[in-house]
Amino acid sequence: MVEARGPGQVVLATERLSRNFGGLAAVREVSLALKHGELHAVIGPNGAGKTTLVNLLSGALKPSAGRILVDGRDVAGEPAWRMSRLGVGRSFQRTNIFAPLSVLENVRLAVQAVSPSLNPLAAAATVAVLAARAEASLTRVGLAQLASRPAGMLSHGEQRQLEIAMAVAGAAKVLLLDEPLAGMGVEESERMVALLRALAREHAVLLIEHDMDVVFAVADWMTVMVEGAVLASGRPQAIRANRDVQAAYLGSAP
């Protein structure tokens, strides 16, 4: 069960987080805070370090320096499986699902991954509880009616919803969403925007997205990255009016 949290409570924070690849500083001393009930968008040009940042926060990469705090505890360097069990869920730029399995089986695997006490020979009651969590997550993202369908037969937008359902099912308190609207049509994008708004009321959400209309419509807070570093951070209206941000990324005010 996800711990009850109040609006504005910091769930995940970074302090001067950095990652170097040889002589390249992909992420440079980035400090930010993800708060419960808030959608925090990270924007910037290609090569700004946004996906590297998500990889650091999710445990896919280890930082070269700095701290990652989950509920105040430094977890920098923990592997991805451990970060998942700490409540950090993520989606990927490219959909990451098991196409031959059913929609429900995909989500059930996500539940099992964060249930270390699960035994294949566990009592049926325990298995039923995990299945119920998977079904509730599918309902949460609007895919309950497709539970038995092979995941590979879903539309692109539905597969992105499934990936989010897998993160939610893992009892995530932080959701790291890397371009969830990429490749979607208008109707699918509208459904995803509505889902993002709903998820942000119940989680701390970090969103990477290139569609600035969507970003300014859903973000509560924004961080702008350029060349691996934070250029500006603030409420959307402040970012929209920031001349340095306009010059580096937005161009004329949207």
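Since we're looking at a predicted model, the values are computed, not measured.
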Within the 4.5 Å heavy-atom criterion, are [X] and [Y] side-chain neighbours or not?
| X | Y | result |
| --- | --- | --- |
| V11 | D71 | yes |
| M222 | F216 | yes |
| M225 | Y249 | no |
| V226 | P45 | yes |

Does [X] reach the main-chain N or O of [Y] with its side chain, forming a donor-acceptor pair under 3.5 Å?
| X | Y | value |
| --- | --- | --- |
| R19 | K62 | yes |
| Q246 | R243 | no |
| R28 | E227 | yes |
| E188 | G157 | yes |

Please check if the number of heavy atoms outside F21 that lie under 6.0 Å from its CZ is greater than 12.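 Buried by this count: over 12 neighbours within 6.0 Å.
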Within a reach of under 6.0 Å around CD of Q237, are more than 12 heavy atoms found that belong to other residues, nucleotides or ligands?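 For Q237, atom CD is crowded (more than 12 foreign heavy atoms under 6.0 Å).
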Checking E78 now: which residues fulfil salt bridge (Lys or Arg N to Asp or Glu O under 4.0 Å) with it, not counting sequence neighbours?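 Once residues adjacent in sequence are excluded, E78 has no partner under the salt bridge (Lys or Arg N to Asp or Glu O under 4.0 Å) criterion.
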Any Lys/Arg nitrogen of R108 or E135 sitting under 4.0 Å from an Asp/Glu carboxylate oxygen of the other?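 So R108 does not pair with E135 through a salt bridge.
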Looking at R90 and E179, is any side-chain nitrogen of the basic one under 4.0 Å from a carboxylate oxygen of the acidic one?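 R90 and E179: not salt-bridged.
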What pairs with E105 under side chain to side chain donor-acceptor pair (under 3.5 Å), at least two apart in sequence or on another chain?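 For E105, the residues satisfying side chain to side chain donor-acceptor pair (under 3.5 Å) (neighbours in sequence not counted) are S102.
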Step by step, would you call H203 with H36 a side-chain contact (heavy atoms from CB on, under 4.5 Å)? CA-CA 5 Å; H203 303 79; H36 180 79; 5.5 Å; no
Donor-acceptor pairs under 3.5 angstrom involving side-chain atoms of residues 141-149: please list them, not counting sequence neighbours.
{"unit_1": "Q145", "atom_1": "NE2", "unit_2": "G142", "atom_2": "O", "d": "3.4"}

Have T223 and S233 got a donor and an acceptor in their side chains that come within less than 3.5 Å?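 A pair is found: one side chain offers a donor N or O, the other an acceptor, under 3.5 Å apart.
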